[in-house]
Asks: 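Encoded as structure tokens, here's the structure I'll be asking about.
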Amino acid sequence: MHAAISIPSELLPHDGRFGSGPSKVSERQLEALRAAQPGILGTSHRQAPVKDLVGDIRAMLTDFFSLPEGYEVVLGNGGSSLFWDAAAYSLVERRAQHCVHGEFGSKFAAATLGAPHLESSSVRQADAGSIALPEAEDGVDVYAWAHNETSTGALAPVSRVRGAGDALMVVDGTSAAGGTHLDASQVDAYYFAPQKSFASDGGLWFALMSPAAVTRVDRIAAGSRYIPAILSLQDAIVNSRQNQTVNTPALATLVMMRAQLAWLLDNGGMAFAASRTADSAARLYGWAEASSYAEPFVSNTTYRSPVVGTVDLAAHVDSSAVREVLRAHGVVDVDPYRKLGRNQLRVGMFPSVEPEDVSRLTSAIDHIVREMSTRA
Ligand SMILES: *Cc1c(COP(=O)(O)O)cnc(C)c1O
């Protein structure tokens with residue numbers, strides 16, 4: 001019955017992709033792919049054309065994040081999830097502290113808790129929709145948290161833990177990177193993947209690493225710990241310095257990533273990206289606050305994410321029914337995180353999303369809810 005609801009075209013977003021990753025890919029990126037055939041696609045990743053592509057991306061990320069002197073852009077295969085295990089083997093010396101307030105933070109915690117060579121991790125927990133903050137603790141040599149907890153839409157501050165000595169700050173920037181502000185001097189390893197703000201495909205990880213992080217990696221590698229080759233950040237660093245990866249990367253993913261970085265940098269870089277997502281977020285949260293049936297899930301306004309917005313719906317408005325109608329109109333992936341289990345919508349607002357399309361999305365939702373109530 002609900003699928004029969006029709007949304008007038010003037011209320012529909014021009015592009016209906018609001019996923020939290022993979023996220024909307026632009027036409028510019030497809031044109032870049034076309035231009036990479038045959039010069040780059042289908043050619044060796046050990047030769048100049050692909051190495052230059054990787055070199056461009058490393059230089060553009062250095063520029064985008066205004067990396068402090070000595071920081072390096074490292075990359076490898078396996079996505080952000082692989083980086084959790086790589087960090088457990090190559091970055092954590094003895095004990096990590098994790099802040100957990102959602103699914104992604106808990107996955108990294110599970111990686112160090114399960115590592116046989118590490119002491120039991122310290123875990124600071126907060127409810128979904130809120131934020132746990134790191135705190136100096138004796139014996140901890142890595143502090144870990146997610147900049148943006150994609151499962152809940154909560155954005156955490158990224159600044160060095162006071163009194164942490166020479167412990168490293170290892171921050172999951174997967175969904176925040178490229179879509180909001182970061183002061184890279186506050187982190188030692190800030191890792192992410194290309195399928196969120198960089199609008200490319202998944203499968204790779206990138207890490208912005210400080211000199212202290214590189215020193216730590218080298219020290220651990222020189223010791224007696226067994227490190228599986230694919231989890232060796234030392235191997236990744238050595239290869240990255242030559243604009244290569246340990247094993248074969250997805251070339252199309254790199255091509256699309258470079259095109260997105262070019263677009264972001266041409267328009268003003270981080271400030272541009274952050275203002276786009278802030279505009280989108282103001283539209284989404286402003287609508288939810290004014291709505292009689294919706295409200296932002298993250299109650300503390302300073303923790304509301306500009307890149308992944310979560311909105312709770314009143315019990316009488318069934319999120320899955322709303323999403324069914326949206327999907328029938330090509331508006332997709334506003335599903336809540338599967339394990340959160342709330343009557344909620346989650347909206348990816350990465351820089352490629354037009355802020356105007358977020359306004360249209362909210363108009364379309366209002367239309368659906370109106371139609372549902374007249375038919376109930
Ligand atoms: C998407 C996401 C991940 C997982 O990234 P993969 O590349 O799929 O491994 C990890 N952390 C956060 C915060 C994410 O948003």
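Only heavy atoms go into these numbers, but all of them, side chains included; no hydrogens, no water, no symmetry mates. All ligand and atom numbering here is 1-based and tracks the order in the structure.
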Asks: Do Arg58 and Thr62 have a side chain donor and acceptor closer than 3.5 Å?
Replies: no

Asks: With a 4.5 Å heavy-atom cut-off, do His117 and Val92 have their side chains touching?
Replies: no

Asks: Kindly say whether the aromatic ring centers of Trp84 and Tyr89 come within a distance under 6.0 Å.
Replies: no

Asks: Calculate, to the nearest 0.5 Å, the distance between atoms CG and CZ belonging to Asp85 and Phe108 respectively.
Replies: 9.0 Å

Asks: Any side-chain heavy atom of Tyr303 sitting closer than 4.5 Å to one from Pro157?
Replies: yes

Asks: Verify whether the ring centers belonging to His98 and Tyr143 lie closer than 6.0 Å.
Replies: no

Asks: Could you please provide the protein residues found below 4.0 Å of ligand 1 on a heavy-atom basis, arranged by chain and number?
Replies: Gly79, Ser80, Ser81, Trp84, Phe104, Asn148, Thr150, Asp172, Thr174, Ser175, Ala193, Gln195, Lys196

